[in-house]
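Have a look at the structure below, then the notes.
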Amino acid sequence: MSERIPTTKPSNFIPKSIVHVILTVDRTKLATDPQLAMNLAFTVQAPAPTTPTMGAGDETEVEKYALARAGFQAVDLLTTPAPSPFDIDVREQCWVVVELDSKILGWQFAKHERGATTKGESDRNCYLRHVYAKGVEAPGERIPRDGCRVLYFGVVARDVFDPKKDPNPGSEAFNFHTEFLMEENDPNGVKIKKRLNVIFDPDVKNDGGKFPP
């Protein structure tokens, strides 16, 4: 199940930080046979450099940062394993920037989809935007064309993490809709583009106190 992230920012959303993660796959296991692609080992990585500080509630910094990551001259960041390789950790109201590993050729957020959705209806996140090298798309719109490797959204609220509860009040189950672009020859030797859609589904979870208070 996939639910759209609300397109408006609630009045109590005052983000204090940017959380940047890079989704990657084990390149030693990249499938040469598309039928095997579902066996890819997806993980969450964290950039080694710190992300910029930002004024409370200011979208300017996150937009600037995301555009730089989507740009043609984006610096290849050193990465480290995230605290949980299958989750995105948040501790406060924040922007989450999600980047697909540029070293994985032909990997992008899926055209004509929303790059991120939640598995259940939720008002605890907001304002999904897809980012290209030349600009940022309007909030909540589907991806209009090829080439989107970066998106961001706001995390509005999480309760205290409690693994005994389902759904967990401190966590939100996401779907990231991605695809691999591949080329192959048709019977006449003409190259055709094929798309292999793959969903990566980490949780965006809080290991700290409830927020907002």
Side-chain angles (χ1 to χ4, degrees), residues 1-23 44-47 50-71 82-84 86-100 109-110 113-132 135-144 148-161 167-178 199-213:
M1 186 174 181
S2 292
E3 296 289 343
R4 183 178 183 179
I5 294 171
T7 58
T8 57
K9 293 177 283 188
S11 60
N12 69 337
F13 177 55
I14 306 175
K16 298 178 176 64
S17 59
I18 298 171
V19 175
H20 178 197
V21 296
I22 297 175
L23 306 187
V44 175
Q45 296 278 309
T50 57
T51 49
T53 57
M54 57 181 289
D58 188 1
E59 189 190 356
T60 304
E61 286 296 327
V62 69
E63 182 173 331
K64 185 191 307 181
Y65 184 81
L67 281 167
R69 294 308 308 156
S84 167
F86 308 112
D87 299 307
I88 299 172
D89 288 334
V90 295
R91 301 295 178 94
E92 60 188 0
Q93 288 191 337
C94 61
W95 295 108
V96 175
V97 176
V98 182
E99 176 181 353
L100 300 183
F109 289 108
E113 298 283 353
R114 294 183 178 91
T117 57
T118 53
K119 291 190 175 182
E121 188 172 348
S122 174
D123 60 359
R124 301 192 300 167
N125 313 280
C126 69
Y127 209 68
L128 169 69
R129 302 192 75 180
H130 303 106
V131 185
Y132 291 85
V136 183
E137 297 297 316
E141 296 298 319
R142 295 180 185 272
I143 295 170
C148 180
R149 293 191 308 102
V150 178
L151 59 77
Y152 66 86
F153 59 90
V155 174
V156 177
R158 294 291 186 274
D159 212 323
V160 176
F161 191 84
N168 194 313
S171 186
E172 188 85 77
F174 269 71
N175 289 321
F176 290 108
H177 302 264
T178 74
I199 294 176
F200 180 48
D201 58 349
D203 289 347
V204 180
K205 66 184 183 68
N206 168 38
D207 280 333
K210 176 181 177 179
F211 65 84

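Counting heavy atoms from C-beta on, the side chains of Thr117 and Glu3 never come closer than 4.5 Å. Side-chain contact between Arg114 and Ile5 is absent, with no heavy atoms from C-beta onward closer than 4.5 Å. Proximity of Leu23 to Val44: side-chain heavy atoms (C-beta onward) are separated by under 4.5 Å at one or more points.
Residues Ala110 and Ile143 approach most closely at O-CD1, 3.3 Å, considering heavy atoms. When all heavy atoms of Leu128 and Phe153 are compared, the closest pair comes out as CA-CB, 4.0 Å. When all heavy atoms of Asn168 and Gly170 are compared, the pair lying nearest together is OD1-N, 2.9 Å. Heavy atoms only, all atoms of each residue included: Pro47 and Ile22 are closest at CG-CD1, 4.4 Å. The two residues Cys94 and Val19 make their nearest non-hydrogen contact at SG-CG2, 3.9 Å. Across every non-hydrogen atom of Ser171 and Lys205, the tightest pair is OG-CB, 3.5 Å.
In terms of modelled atom types and a separation under 3.5 Å, the side chain of Gln93 and the main chain of Ile14 share a donor-acceptor contact. In this structure, His130 contributes its side chain and Arg142 its backbone to no donor-acceptor pair below 3.5 Å. Side-chain atoms of Asp87 do not come within 3.5 Å of backbone N or O of Asp89 as any donor-acceptor pair.
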- Ser2/Glu113 under side-chain contact (heavy atoms from CB on, under 4.5 Å): CA gap, chis, key distance, verdict: CA-CA 11 Å; Ser2 292; Glu113 298 283 353; over 6 Å; no
- Task: Start with the C-alpha gap between Tyr65 and Leu67, add the side-chain angles, then the distance that decides, and say whether side-chain contact (heavy atoms from CB on, under 4.5 Å) holds.
- Result: CA-CA 6 Å; Tyr65 184 81; Leu67 281 167; over 6 Å; no
- Where do Val204 and Arg158 land on the side-chain contact (heavy atoms from CB on, under 4.5 Å) test, with the steps shown first? CA-CA 9 Å; Val204 180; Arg158 294 291 186 274; 3.6 Å; yes
- Task: Output, in order, the C-alpha distance, side-chain angles, deciding distance and verdict of side-chain contact (heavy atoms from CB on, under 4.5 Å) for Ile88 and Phe176.
- Result: CA-CA 12 Å; Ile88 299 172; Phe176 290 108; 4.1 Å; yes
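Looking at residues two or more places apart in sequence or on another chain, you find a side-chain contact (heavy atoms from CB on, under 4.5 Å) between Pro10 and Asn12, Phe13, Cys126, Val156. Applying the side chain to side chain donor-acceptor pair (under 3.5 Å) criterion to Lys119, with sequence neighbours excluded, gives Asp201. Residues forming a side-chain contact (heavy atoms from CB on, under 4.5 Å) with Glu92 (at least two apart in sequence, or on another chain): Lys16, Ser17. Legend: residues meeting side chain to side chain donor-acceptor pair (under 3.5 Å) with Arg124, ordered by chain and number and at least two apart, are Glu172. Taking the side chain to side chain donor-acceptor pair (under 3.5 Å) definition, one finds that Asn206 meets it with nothing, sequence neighbours left out.
Summarising the geometry, atom CD belonging to Glu99 is positioned 10.5 Å from atom CG belonging to Leu151; distances are rounded to the nearest 0.5 Å.
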Let me check something: any side-chain donor-acceptor pairs from residues 56-63 under 3.5 Å, sequence neighbours excluded? List them with distances.
{"residue": "Asp58", "atom": "OD1", "partner": "Thr60", "partner atom": "N", "Å": "2.8"}
{"residue": "Asp58", "atom": "OD1", "partner": "Thr60", "partner atom": "OG1", "Å": "2.8"}
{"residue": "Glu59", "atom": "OE1", "partner": "Tyr127", "partner atom": "OH", "Å": "3.4"}
{"residue": "Glu59", "atom": "OE2", "partner": "Arg129", "partner atom": "NH1", "Å": "2.9"}
{"residue": "Glu59", "atom": "OE2", "partner": "Tyr152", "partner atom": "OH", "Å": "2.5"}

